[in-house]
Amino acid sequence: MSFDTLGLSTDVLRAISESGYTTPTPIQEKAIPYVLMGRDVLGVAQTGTGKTAGFTLPMIDILSSGRGRARMPRSLILEPTRELATQVAESFNKYGKYSGLSMALLIGGESMRDQQLILQRGVDVLIATPGRLLDLFERGQILLADTKLLVIDEADRMLDMGFIPDIERIVAMLPTIRQTLFFSATMAPEIRKLADKFLLNPKEISVAPPASPAKTVTQRLLRCEAEAKTKRAALRALLQQEDDDTKSALIFCNRKRDVTIVQRSLKRHGLDAEALHGDMAQASRTETLARFKAGDIRLLVCSDVAARGLDIPAVSHVYNYDVPIHAEDYVHRIGRTGRAGRSGKAFTLFTPEDGKALAGVQELIGGVIEELTLDTVETPDSDAYSTDKRRRTRAKSGKSSKAEASPAKQQPAKAPESQREEQRPSAQARKSSKRPPQREREEAEAAPEGNGPFGDHIPAFILRPVPLTASA
DNA sequence: TGAACCA
């Protein structure tokens, strides 16, 4: 199968072959002819399947005749994050270079004036995140009356993030006679309802995920104390252990402030890490992501802004510094690695407090994730979560056998609430006493405790190889 | 207990 039989123009085919592609992916093969035909398409596909080119390639040809009038874009693509929108714009640039289309990328965090100027000149392709699009619309900078081709990408994520009311407002401004392409990684009933609302007699296309992450990604858990300092030490230990195999790694935190803290901590310990989250200036978001993609940055500490959709082929490792609150986010995060047939590794730190979230993850993936056994931590049922006790037992715990860490006994928070509280006296003290503000404290803790990446102690487990053969 | 989407 090659691209020539799909009905694409020679201009587009030339750009494709110059990019080095010869064979369409299943979604491209199935979707492109229908898009060219003018049909609505309901595509169930994840990123990594070639979905983006599946709609950009035929769109380029559909739009290559005619020209956009001032403030009246001819097509609109909605994306949930700025990074994804940028990725789509890059696809248009790459494949549309012989087709002479004009394009505007409307995302927040960037100068509105530049975007307005481009809009006034008239564009064929508008790629936008909902917030900025509505903002510009309210300022009278955009008329969607001539937008006859609409793409709603990552619909499931739009739903999760509460964008659907925005999307509905936007779609209501488009002509009812139009072509709509609707993509989602899943087809939950709510998504199906949305699709029914936006699409007319769509051609349904569904492709299997490239390979389920369970097959290509080696997943492991690492039990940890809840204390941030300990988590950071554990993370460093893992990073060190995996260093030789690491092409590049994403380190996910649940909170933006922790992204900053962890990144600074790694840096102070001599590891070259950068940060990415939604509160950063757009310029550094763009630059950091570009450098990470280029292999310039090896370790990227990030929020869930990077969890979905981003296509970064060389990510060899994903670390979950926190167990994600929603189980689906786990799947998206680890899906950043093991892409395109490569193998990947995903490590998740969990604490006694993560019992519920972790159970949710394992339920969703339909299996138990194997736990790494560390000499620094006792067996699951023990009272290993007191810092003091850990210090005392660490030296002698060489026999912490893997056999004891039976997979069936993964849930850490078995101890009654009162007992756990007792084991962690600092938890109470933290709430009541006059300590410095949380942030200062964390940043102070983020400093190295000694020399080298591990401070003044090296967890014993990093000194011996950890078997990573069996798969969950 | 978050994060993502105009300022």
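As the structure is a prediction and not an experimental result, all values here were calculated from the model. Here is how names work: the chains are called A, B, and so on, in the same order as the sequence lines, proteins then strands, and each is numbered from 1.
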Ring centre gap for A:Phe252 and A:Tyr319 strictly below 6.0 Å: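 Judged by ring-centre distance (under 6.0 Å), A:Phe252 and A:Tyr319 do not meet the cut-off.
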Which of parallel (below 30°), tilted (30 to 60°) and perpendicular (above 60°) describes A:Phe347 and A:His317?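 Ring orientation of A:Phe347 relative to A:His317: parallel.
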Please determine whether the number of non-hydrogen atoms from other residues, nucleotides or ligands lying under 6.0 Å from atom CD of A:Glu363 exceeds 12.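 For A:Glu363, atom CD is not crowded (no more than 12 foreign heavy atoms under 6.0 Å).
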Could you write nucleotides 2-7 of chain B as a row of B, S and -, 5' to 3', where a protein heavy atom under 4.0 Å of any base atom gives B, of only sugar-phosphate atoms gives S, and otherwise -? BSBBBS
Rounded to the nearest 0.5 Å, how far does OG1 of A:Thr288 lie from CD of A:Glu274?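 Going from CD on A:Glu274 over to OG1 on A:Thr288, the span is 6.0 Å.
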Considering residues at least two apart in sequence or located in another chain, which fulfil the salt bridge (Lys or Arg N to Asp or Glu O under 4.0 Å) criterion with A:Arg67?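 Residues passing salt bridge (Lys or Arg N to Asp or Glu O under 4.0 Å) with A:Arg67: none at all.
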